[in-house]
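The structure appears below as structure tokens.
Whatever order the structure lists ligands and atoms in, that order sets their numbers, starting from 1.
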Amino acid sequence: MQNPLTDSFNRRIDYLRVSVTDRCELRCTYCIPKGFTDFEEPEHWLTFDEIERVIRAFTELGVRRVRLTGGEPLSRGKLPVLAGRLARLPGLEDLSLSTNATRLGKLAQSLKRAGVRRINVSLDTLIPERFAEITGGGRLEQVLDGLMAAKAAGFSPIKINMVAMKGVNDDEISNVVDFCIANDFTLRLIETMPMGATGREASDHYLDLQDVKRDLESKYEMIPAVMSGGGPARYLQVAGTSLKIGFITPISQHFCATCNRVRLTVDGTLYTCLGQEENLALRPLLRAGIADDELKEQIRGAISRKPERHEFTSQPDKIIRFMSVTGG
Ligand code: SAM
């Protein structure tokens, strides 16, 4: 490997999140706006060949972990084929997937066979009517089927991502804790981020996870824990159980100083910070026939310009793209 990818704040970048589509059939209140139709044109989507080429360049630059995300990644046709191609790239040690799980019932086995190692599933509530409200008409049953299929396919750990919202689902945190204990899932609680108009509206329901942590500590005996995955979550384990709870606190306790990741959108834009606009448009370079060495130099250059931190708190109106565009 050449010199590892390092930014100007001496952060080593070894994790790439790849959005394979900006589309999703769900309309979570904090994510894609209701009625939104202005999705990326299919001719602008990176092809599987282009995605593989960019990820190969990243692995040659020392990236070891890739997560497929979106939009809803399983809505991109033949995703297990892409996963299989990526899993075979030399140097890639950890291929993971974030999904809403609505198609996981059908695809869990083939994703496992393709080499996806870990799965995160978004699930904000266990109440069917509430699930339909939060997701704009989604069916909880499909997600639960998908989760069970992932378990049966042998994925472990399976992490549940719950965006914790005051007055929306904060009364359910204990139920979700029990659900995760019963099913041997890991739980990650996430603070809402002001991304796009929807994210900002959801910030009206912002819940400080430091308070949730204190509340959980008063109900359960919690002990410090570590969890594989390279992410920003800080974990505690519920004593006497295998449940680990991760707290993802971009607002109450930001973790930019240890950020190790960048994001590639479906149209081939490389964003070096979730909460800033700095980016590098790779698609025009790829389609103009850029050579491999030059591609890697461009990536290095973009990483060297990675911003120090997001400004979600000081400039909450700054980011107009919502999460599904960048790939959450
Ligand atoms: N469709 C996949 C899924 O459901 O996990 C992957 C994409 S989704 C955009 C990734 C994650 O971003 C989900 O866990 C979602 O809850 C989270 N998310 C979206 N908008 C958010 C916001 N404004 N604040 C915090 N989390 C957000």
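Note on Glu311 versus Lys318: salt bridge recorded, some NZ/NE/NH1/NH2 to OD/OE distance being below 4.0 Å. Taking a cutoff of 4.0 Å between a charged side-chain nitrogen and a carboxylate oxygen, Asp94 and Arg64 do not qualify as a salt bridge.
Annotation: side chain of Leu123 is not in contact with side chain of Val176 (no heavy-atom distance under 4.5 Å).
Here the shortest heavy-atom pairing between Cys256 and Arg11 reads O-NH1, 2.8 Å.
Under a 3.5 Å cut-off, the side chain of Lys306 and the backbone N or O of Thr272 do form a donor-acceptor pair.
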Would you mind listing each N/O atom of ligand 1 next to any protein N/O under 3.5 Å, plus the distance?
| unit_1 | atom_1 | unit_2 | atom_2 | d |
| --- | --- | --- | --- | --- |
| ligand 1 | 1 (N) | Gly71 | O | 2.9 |
| ligand 1 | 1 (N) | Glu72 | OE1 | 2.9 |
| ligand 1 | 4 (O) | Asn100 | N | 3.4 |
| ligand 1 | 4 (O) | Ser122 | OG | 3.0 |
| ligand 1 | 5 (O) | Ser122 | OG | 2.6 |
| ligand 1 | 14 (O) | Ser122 | OG | 2.9 |
| ligand 1 | 16 (O) | Tyr30 | OH | 3.1 |
| ligand 1 | 23 (N) | Tyr30 | O | 3.2 |
| ligand 1 | 23 (N) | Met193 | O | 2.9 |
| ligand 1 | 24 (N) | Met193 | N | 2.8 |

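Under the rule for a side chain to side chain contact (heavy atoms under 4.5 Å, CB included), the partners of Glu41 that lie at least two apart in sequence or sit in another chain are Glu43, His44.
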